Amino acid sequence: MNSVTHKLAKWYKVHQRNLPWRDTKDPYKIWLSEIILQQTRVEQGTPYYYKFVEQYPTVRDLEVAPIDEVLKLWQGLGYYSRARNMHSAALEVVKKYNGKFPKDYNSIRSLKGVGDYTAAAIASLAFDLPHAVVDGNVYRVLSRLYNIDTPINSSKGKNQFAQLAEELLDKKKPGNHNQAVMELGAICCKPSNPTCNICPIAEHCLALAKGTIANLPVKIKNKPVQNRYLNYLFLVNEETFCLLQRGPDDIWQGLYDLPIVERDKLLEPDELMEESFFKQLKGRQTLLYKGNSDYLHKLTHRNLHARFHIFFYKSLASLNKFGIFETTFKNMQSHAIPRLLDKFLNEYYSIK
DNA sequence: AATCCGTGGTC
DNA sequence: TGACCAAGGAT
């Protein structure tokens, strides 16, 4: 164990945060926490971890749960494929491994939703297997420690940092070491304004010596954020409104949502009424346009411009051929919906 | 390899 | 305020 590794372990022992998934060696709970924490801040994910552990204490509890229920519990956390993949993986753990979490890296890595990072995390934290994690924290710590400007989102960079992480790994205590590196990145070696003055390995840090801390890690720019224009149809009666389930190959897959007419702009009421959706809708003569309200919903890679067009209706036949059904605001506790729709519905029904 | 997939916080 | 990013993975 080299000097850097030793100092990291010593620092971690004193400065580690008290996080709920650090109390356990249960691979199911560690897996659950790692899936929740993918691209998610600890503060945002922690309430969800508590909810899931309470509702699904074991992998069998998760496995027998309906996917709609799992998605509802996941609502608001984003990246919903994590919930769908996790549920699917729970099925595999129960059927293929008889409910016992697999203990070898390759089996863990083959589970849906488990990539290189998560497999290494579960293997090291739950089973003390010598696999080094490489997450955003590790990229930052290693790029600065060794003053490496290879882009972390290039294949060369991924290989290079993976190899460095393996070399630095404390193979006697891989779980402890992995968490120490990530913890340093999270609370000391931060993206901006890192606290190098109290860093336990500052004397080894090449970037600090060279004055390149603020330039590392290097990342290839993403392409500019594109706009999408969603014309929502809020078809509402006294107590009911119209809902559908979103299909594959788009955002919010499997969640429930209102019917949408997506075009290259937000539509005015008269433009909207020219759409084929309304010509196919029996009973459209009972539709009464009651106004609209606009929302800008910003995702990482999209700006969603949403206009909720509000229609009163008395009766609408032939809705089901669009997959549309009627529901109530109260009944929404059993349907997972995007944050955007959640905001709209809450504002609409609280104002009303 | 490049793009897609959410939500919320930071500076 | 807009760019960046957070215990990434799938295609």
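Numbered from 1 within each chain, the chains take letters A, B, ... in sequence-line order. Note that the structure is predicted; figures quoted are calculated from it, not measured.
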NZ/A:Lys25: more than 12 non-hydrogen atoms of other groups inside 6.0 Å: yes
B:dT3 versus C:dA7 - spacing of their P atoms, nearest Å: 25 Å
Length of the line joining A:Leu299:CG and B:dG6:C1', which is rounded to integer Å: 6 Å
Pairs satisfying ring-ring contact (aromatic ring centres under 6.0 Å, His included), at least one member in residues 159-190 of chain A, at least two apart: A:Tyr139-A:Phe161
Side-chain N,O (A:Ser81) to OP1/OP2 (C:dA10) below 4.0 Å: no
Atom-pair distance (CG on A:Leu304; C1' on B:dT7), nearest Å: 12 Å
Sugar-phosphate, base or nothing in reach of A:Arg22, heavy atoms under 4.0 Å: base
Upstream residue (5' side of DNA chain B) when A:Asn153 and A:Gln38 are each assigned their closest nucleotide: A:Asn153
Qualifying residues under side-chain contact (heavy atoms from CB on, under 4.5 Å), relative to A:Lys100, sequence neighbours excluded: none
Worked check of ring pair (Phe, Tyr, Trp, His ring centres under 6.0 Å) between A:Phe101 and A:Trp31: CA-CA 9 Å; A:Phe101 219 88; A:Trp31 168 58; 5.4 Å; yes
Nucleotide B:dC5, atom C1' - distance to CG of A:Asp257 in whole Å: 15 Å
Protein-nucleotide distance (A:Phe161, atom CZ; C:dG8, atom C1'), rounded to Å: 17 Å
Sugar-phosphate only, base, or nothing, as touched by A:Ser155 at under 4.0 Å among non-hydrogen atoms: sugar-phosphate
Presence of A:Trp252 side-chain N/O under 4.0 Å of B:dC4 phosphate oxygens OP1/OP2: no
Proximity to the side chain of A:Gln179 - top-ranked nucleotide from B:dG6, C:dA10, C:dA7: C:dA7
Sugar-phosphate only, base, or nothing, as touched by A:Trp74 at under 4.0 Å among non-hydrogen atoms: nothing
Euclidean distance, atom NE2 of residue A:His301 to atom C1' of C:dA3 [Å, nearest integer]: 16 Å
Atom pair distance, as rounded to whole Å: CD in A:Glu34 and C1' in C:dA6: 13 Å
DNA chain C contacts made by residues 104-129 of chain A, counting heavy atoms under 4.0 Å: A:Lys112, A:Gly113, A:Val114, A:Gly115, A:Asp116, A:Tyr117, A:Thr118
Sugar-phosphate only, base, or nothing, as touched by A:Gly76 at under 4.0 Å among non-hydrogen atoms: sugar-phosphate
Residue A:Arg17, side-chain atoms from C-beta onward, closest of C:dA10, C:dG8, C:dA7: C:dA7
Partner of A:Arg263 under side chain to side chain contact (heavy atoms under 4.5 Å, CB included), chosen from A:Leu266, A:Ile260, A:Val261: A:Val261
A:Leu296 and A:Leu304: CA distance, side-chain angles, deciding distance, side-chain contact (heavy atoms from CB on, under 4.5 Å) verdict: CA-CA 6 Å; A:Leu296 175 59; A:Leu304 301 181; over 6 Å; no
Sugar-phosphate only, base, or nothing, as touched by A:Asp250 at under 4.0 Å among non-hydrogen atoms: sugar-phosphate
Side-chain N or O of A:Arg302 closer than 4.0 Å to phosphate OP1/OP2 of B:dC4: yes
Phosphate contact (C:dA7 OP1 or OP2) by A:Arg41 side-chain N/O below 4.0 Å: no
Which nucleotide in B:dG6, C:dC5, C:dA7 has an atom nearest any side-chain atom of A:Lys219: C:dC5
Touch class at under 4.0 angstrom, heavy-atom based, for A:Lys221 against every strand present: sugar-phosphate
Selection from B:dT7, B:dC4, B:dA1 that lies nearest to any side-chain heavy atom of A:Lys223: B:dC4
A:Glu54 CD: over 12 foreign heavy atoms closer than 6.0 Å: no
Touch class at under 4.0 angstrom, heavy-atom based, for A:Ile251 against every strand present: sugar-phosphate
Nearest-nucleotide comparison on DNA chain B, the residue closer to the 5′ end among A:Gln253 and A:Lys190: A:Gln253
Sugar-phosphate only, base, or nothing, as touched by A:Leu77 at under 4.0 Å among non-hydrogen atoms: base
Nearest-angstrom distance from the residue atom CD1 of A:Ile36 to P of C:dG8: 13 Å
Below 4.0 Å: OP1/OP2 of C:dG8 and any side-chain N or O of A:Tyr139: no
A:Gln39 side-chain N/O to C:dG8 phosphate OP1/OP2 under 4.0 Å: yes
Heavy atoms of other groups near A:Lys265 NZ, more than 12 under 6.0 Å: no
A:Lys279 atom NZ: more than 12 heavy-atom contacts under 6.0 Å: yes
Side-chain donor/acceptor of A:Ser192 to base of B:dT10, under 3.5 Å: no
Separation of the P atoms in B:dG8 and C:dG9, to the nearest angstrom: 22 Å
